[in-house]
Amino acid sequence: MRNDAQGAPPEQPEAASSPLPGTHTDRKGVAADVGASLVVFLVAVPLSLGIAVASGAPLIAGIIAAVVGGIVVGLIGGSMVQVSGPAAGLTIIVADLIMTYGWRVTCLITLLAGLVQLTLGVFRIARAALAISPAVVHGMLAGVGVTIALAQLHVVLGGAPQSSALANITDLPEQIAHNHTAAVAVGVITIAILFGWNRLPAIGRIRPGMVPTALVAVGTATVIATLGRWEVETVALPASISDAWNGPMLPESGQWHGIALAVAAVAMVASVESLLAAIAVDRLHSGRRVMLNRELIGQGAANTVSGALGGLPIAGAIVRSTANVRAGGHSPLSTVLHGVWILLFVVLFAHVVEMIPMAALAALLVFSGAQMVSVARLRDLRRHHEASVYLVTLAGVVLIGLLEGVFLGFALAMVVSLRRLTKLTVVTEERADRVHVTVHGSLTFLGVPRLAHVLRTVPQGAAVDLDLHVDFMDHAAFEAIHAWRVDHERTGGSVDIDEVHEKWYARSSTRSAPAAKTIPKGRWWAPWEMRRESGTAPEVNPLGLLTAGAREYHAGTADRMRSVMSRLAHGQSPTALFVTCADSRVVPNLITASGPGDLFTLRNVGNLVPPHGSTDGSAGAAVEYAVNVLRVPSIVVCGHSHCGAMRALSEKTHQGPEEAETAHLRRWLANGEGSLRRAGADAGALAGLPGPEVLRRLAQANVVEQLGNLMGYPVVRERVESGELTLSGMYYDLETAKVHLLDAGTGEFSPVQGVQDVPEPVPYPREGTAGDQPSSSGASSRPSC
């Protein structure tokens, strides 16, 4: 089945997906959605007004966009919890469009961009919007944030923003020196509260974070300015609904070319921002995953309606969506209701909105713009070697313009990707009387100079083994290798070419080479369904898959393993007893890069080790055999994220009614009661947390609990106390595919970042007593159980 997003099927039965709020029957769920909608409503009102100010649009346009984004996207969109509305990422584009074409033509552009989004969603090409590198998107948002902050800082200081970011920077010292009006005081109060509100200590069970920071800051500044009768400019709304409508208008005849480009820009930025935000918000909840094409249709419908009613362009808003999830929202009902509350509030309490000082909204924008520059995001991109793309995009957006900055970042991202895709490694070593040259990567004309340089260093007349581990070879690379081979053999040398995967060189010599990259032969790590050739039937006999896999193993791997397995056939001396879950997604030898004979593996549901003396002796038998007979120097307990056993534990399945179908499972899960207590489930420590976070904490607590159970086995305790055995904890995160190690000192799990962070392996073959072996560093010490 083709997935629409992150493993979620593209279509769900109507009863199962329940996209409409009226289909909920769980009263507690409805109550949670209502409460969350009120929180998001309080966050959305000041942000929507502020974005309208920054865009230079009528203030009511921000309110219209917030209402339409909540109701229309909530009813039609494909995300369970994403909240849409006027987005800061579109501010620069909208401001430029208003200056160039005027407000009413900008409304037409918004309407047409919505129709483009609808078309893209109907043709199911939403994923194409995700082809832009996240580094470019986040760099664009950071550049927009810097631009907004610089412009609105002048408003906070009582002045007016300049025409460009450079001009705003140049004029800033004069603004600071000469503007000390009441507007400055309002702005300073607002920013001070925005910075300090969440840092205030909790009073009992009441935490400051329970009240939206933006509401507190803008509300406090409004009350102070009103009571003090400060002369500051305040929000001005239309006197009636008829006055509020300021909808689309056709442009002049010579402007259609620019209009087309503007429509494409708004549609692209709004779509990418919405889809990336929807995927990011999916990590915060455990409900149905986002359906990307349906979400894009919802965004398109909302922009079409918003443009027709005179509202700002709409996109998914990560700030409001995060507030929705944290407040307990778990269905589109909260999104729809937040739009309803905004509409009712503006209709019934417009005079309250008109008391808000413009300087307070400008201060809110300064704070929000600064938050769009994420240092944590930059560190993450730096680890992935994409910080340069982020910084170039940010600088381009600030110094040149939004579209120009995005194009610069996209071009650099393409160059970086091309460099990675054509990365080539050439290693030379001498073995006895032969020279061994190994080539890894994609062998294109870009790698020919490096390869030719290495081949030229091979002595004349030498016997050469050339191993090609390549997934692509173009004609230039073939010509370079072939010409060198002919010259080397002419001078008395010999060349033996071994192609491990596709026979690129051989096929180029005799017939046409493959037209594109090839997947290396062998099962390697990918599951069967991902390696299934296109056109095969979706349903395959499981025995047929196993047989085909064995046949492929015999054809490509068995001969190479024969020498290794012949040595292991007479006995085993594993490095560790590896206790892990029976989950099919966890492959011990893959995540530890180990081979035959390295791990003595015990797998069961939930990687549980029942306490010593338990009636279930299967786990105890494996422990005793590994420690007493195999004399392993290490025991590792490895848990993982999204564990079904941990989910069953958290839901107290083992305490449910007696059912013959699950009797053994319930009795087995009862061994995890200690893990529930360690995670604090009985004390309510897991209450209110998102589902994935509950499973993470419980799985990690379960690892520590099983290490404690292992210490209850006399043979394990004796060998640990004598220094002959070490116990270690590991945790495997399925989403990031990263291994985490337990630090016995802090009790925390930290991801393995690189080779230097991996605990020192136990040397082998082992000689002498086990006590002479160095113990592993970090987490591989006696657990603090």
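Note that the structure is a prediction, hence the values are computed from the model and not measured.
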Evaluate Val752 against Lys738 for side chain to side chain contact (heavy atoms under 4.5 Å, CB included), listing each step before the verdict. CA-CA 7 Å; Val752 177; Lys738 282 193 174 183; over 6 Å; no
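- Side-chain contact check for Gln706 and Asn709: at least one donor-acceptor pair (N or O, by modelled atom type) lies under 3.5 Å.
- Under the 4.5 Å side-chain criterion, counting only non-hydrogen atoms from C-beta, Leu215 is not in contact with Val43.
- Residue Val636 comes nearest to Met730 through the heavy atom pair CG1-SD, 3.4 Å, listed as atom of the first residue, atom of the second, then distance.
- Within the 4.5 Å cutoff, side-chain heavy atoms of Val716 are placed close to those of Leu727.
- Residue Ser321 comes nearest to Val281 through the heavy atom pair CB-CG2, 3.5 Å, listed as atom of the first residue, atom of the second, then distance.
- For the pair Cys581 and Cys643, the minimum side-chain heavy-atom distance is below 4.5 Å.
- Note: Glu295 CD to Gln82 CD = 5.0 Å, rounded to the nearest 0.5 Å.
- At least one donor-acceptor pair closer than 3.5 Å links the side chain of Arg288 to the backbone N or O of Gly78.
- A donor-acceptor pair under 3.5 Å is formed between the side chain of Arg289 and the backbone N or O of Asp282.
- Asp743 and Ser750 share no side-chain donor-acceptor pair at under 3.5 Å.
- With hydrogens and angles ignored, the 3.5 Å screen pairs no side-chain donor or acceptor of Asn324 with any backbone N or O of Ser334.
- Between Val720 and Arg717, the closest side-chain pair of non-hydrogen atoms is not below 4.5 Å.
- Taking OG of Ser79 as the reference point, atom CD1 of Ile279 lies at 10.0 Å (rounded to 0.5 Å).
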Residues Tyr713, Val627; criterion side chain to side chain contact (heavy atoms under 4.5 Å, CB included); working and verdict: CA-CA 10 Å; Tyr713 286 76; Val627 176; over 6 Å; no
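- Inspection of the Asn607 and Thr580 side chains reveals no N or O donor paired with an N or O acceptor under 3.5 Å.
- The NE2 atom of His138 lies 8.5 Å from the OH atom of Tyr390; values are rounded to the nearest 0.5 Å.
- Taking a 6.0 Å sphere around CZ of Arg326, one finds it holds 12 or fewer heavy atoms contributed by other residues, nucleotides or ligands.
- Nearest heavy atom pair, residue Ser594 against residue Leu599, reads OG-CD1, 3.4 Å.
- For the pair Leu710/Val623, a side-chain contact is recorded, criterion being any heavy-atom separation below 4.5 Å from C-beta on.
- A donor-acceptor pair under 3.5 Å is formed between the side chain of Arg603 and the backbone N or O of Asp583.
- For the atom pair CD1 of Ile635 and OG1 of Thr726, the computed distance is 8.5 Å after rounding to the nearest 0.5 Å.
- Between the side chain of Trp197 and the main chain of Val216, no donor-acceptor pair closer than 3.5 Å is present.
- Residues Leu695 and Arg647 come closest through the heavy atom pair CD1-NH2, 3.3 Å.
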Should Phe367 and Thr213 be marked as a side chain to side chain contact (heavy atoms under 4.5 Å, CB included) after you check the CA-CA gap, both sets of side-chain angles, and the distance that decides it? CA-CA 11 Å; Phe367 183 78; Thr213 307; 5.7 Å; no
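- Between Ser368 and Leu47, the closest side-chain pair of non-hydrogen atoms falls below 4.5 Å.
- Within the model, atoms CZ of Arg696 and CG of Asp733 stand 9.0 Å from one another, a figure rounded to the nearest 0.5 Å.
- Ion pairing of Glu724 with Arg631 is present here, as a side-chain N (NZ or NE/NH1/NH2) and a carboxylate O approach within less than 4.0 Å.
- Formation of a donor-acceptor pair under 3.5 Å by the Arg320 side chain with backbone atoms of Gly85 is not found in this model.
- Looking only at side-chain heavy atoms (C-beta outward), Cys638 and Ile591 come within less than 4.5 Å of each other.
- If you take CG on Leu649 and CG on Leu608, they are separated by 7.0 Å, rounding to the nearest 0.5 Å.
- Side-chain contact between Tyr731 and Ser641 is present, with heavy atoms from C-beta onward closer than 4.5 Å.
- Closest of all the heavy-atom pairs between Tyr732 and Arg585 is CE2-O, 4.3 Å.
- Distance alone, capped at 3.5 Å, is enough to place a donor-acceptor pair between the His338 side chain and the Thr335 backbone.
- Salt bridge present: Glu386 and Arg420 bring a charged side-chain N and a carboxylate O closer than 4.0 Å.
- Heavy atoms only, all atoms of each residue included: Ser650 and Val694 are closest at CB-CG1, 4.4 Å.
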